[in-house]
Amino acid sequence: DSGVTQTPKHLITATGQRVTLRCSPRSGDLSVYWYQQSLDQGLQFLIQYYNGEERAKGNILERFSAQQFPDLHSELNLSSLELGDSALYFCASSAGGGYDTDTQYFGPGTRLTVL
Amino acid sequence: TQLLEQSPQFLSIQEGENLTVYCNSSSVFSSLQWYRQEPGEGPVLLVTVVTGGEVKKLKRLTFQFGDARKDSSLHITAAQPGDTGLYLCAGASSGGSNYKLTFGKGTLLTVNP
């Protein structure tokens, strides 16, 4: 158990819909990272928040947005969903702002299926 | 766009055999990480290598970072069924505070008893 929790574990929805994925970081960790994992693209970095502020951005679509709240939990919002958005979405947390020795701990993931 | 190529993509071996997984890029990374992921779970960090030419050993696992910090390898000695999983390498790059991990697509290892 990494100490990172993600809800829900599974999500099935239809094209065009909007969903929210939730992540609670390990106690004391200030950074939250979101990743998308699919068979064709592998694991891709989406976005990082550090202590409530956006810190780094990866391959995140404009239809996707995220935020980190004062209690440090984070939400990833996916809108106008397409079939190709079906994937595993992982949240990770780390103690610092992101550097070579700042270990990222991954949650168990949310499996999103768009029908 | 930074890319990390992992090879082989799939590897099926018998218990007791040795194996090596490769991770290559044309880009230079500040560090290279190796993760292991089991079905239904998130990746778990195995090691971080930071210095070009660095070799780290973790029991039966040996990790090497290339001199130019563009490539890495993972060698497993006397593989066991418990080593089965998806092995991912990830290169770290940072521009100021913009720290990012770029992942390879992984090597799916199956160790048969």
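All chains are named by letter (A, B, ...) in the order of the sequence lines, taking the proteins before the strands, and each is independently numbered beginning at 1.
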For residues 76-85 of chain A, run the donor-acceptor check on the side chains, cut-off 3.5 Å, and write out each pair with its distance to 0.1 Å, sequence neighbours left out.
{"unit_1": "A:N77", "atom_1": "OD1", "unit_2": "A:T20", "atom_2": "OG1", "d": "2.8"}
{"unit_1": "A:S79", "atom_1": "OG", "unit_2": "A:R63", "atom_2": "O", "d": "2.8"}
{"unit_1": "A:D85", "atom_1": "OD1", "unit_2": "A:R63", "atom_2": "NH2", "d": "3.0"}
{"unit_1": "A:D85", "atom_1": "OD2", "unit_2": "A:R63", "atom_2": "NH1", "d": "2.8"}
{"unit_1": "A:D85", "atom_1": "OD2", "unit_2": "A:R63", "atom_2": "NH2", "d": "3.2"}
{"unit_1": "A:D85", "atom_1": "OD2", "unit_2": "A:E82", "atom_2": "N", "d": "2.8"}

To the nearest 0.5 angstrom, please state how far the OG1 atom of B:T102 sits from the CG atom of A:N59. 8.5 Å
From B:Y99 OH over to A:R55 CZ, what is the distance, rounded to the nearest 0.5 angstrom? 12.0 Å
Is A:K57 close to chain B through its backbone or its side chain, or both, or neither, when contacts mean heavy atoms under 4.5 Å? backbone
Heavy atom to heavy atom, less than 4.5 Å: which residues from residues 34-41 of chain B reach chain A? B:Y35, B:Q37, B:G40, B:E41
Listed by number, the residues in residues 103-113 of chain B that come under 4.5 Å of chain A (heavy atom to heavy atom) are B:F103, B:K105
Other residues, nucleotides and ligands only: do more than 12 of their heavy atoms fall within 6.0 Å of [atom1] on [X]?
X     : atom1 : result
B:Q14 : CD    : yes
A:L39 : CG    : no
B:Q9  : CD    : no

All side chain to side chain contact (heavy atoms under 4.5 Å, CB included) counterparts of A:L88, not counting sequence neighbours: A:Q37, A:F90, A:R111
In terms of hydrophobic clusters joined by side-chain contacts under 4.5 Å, are A:V114 and A:L21 together? yes
With the 4.5 Å side-chain cut-off for hydrophobic clustering, are A:Y33 and A:Y50 part of the same group? no
B:L45 vs A:Q104, test: side-chain contact (heavy atoms from CB on, under 4.5 Å). Steps then yes/no. CA-CA 8 Å; B:L45 180 66; A:Q104 292 186 27; over 6 Å; no
Scanning both residues in full, the closest heavy-atom pair of B:L101 with A:Y35 reads CD1-OH, 3.7 Å
What part of B:T48 gets closer than 4.5 Å to chain A, counting heavy atoms only: side chain, backbone, both or neither? side chain
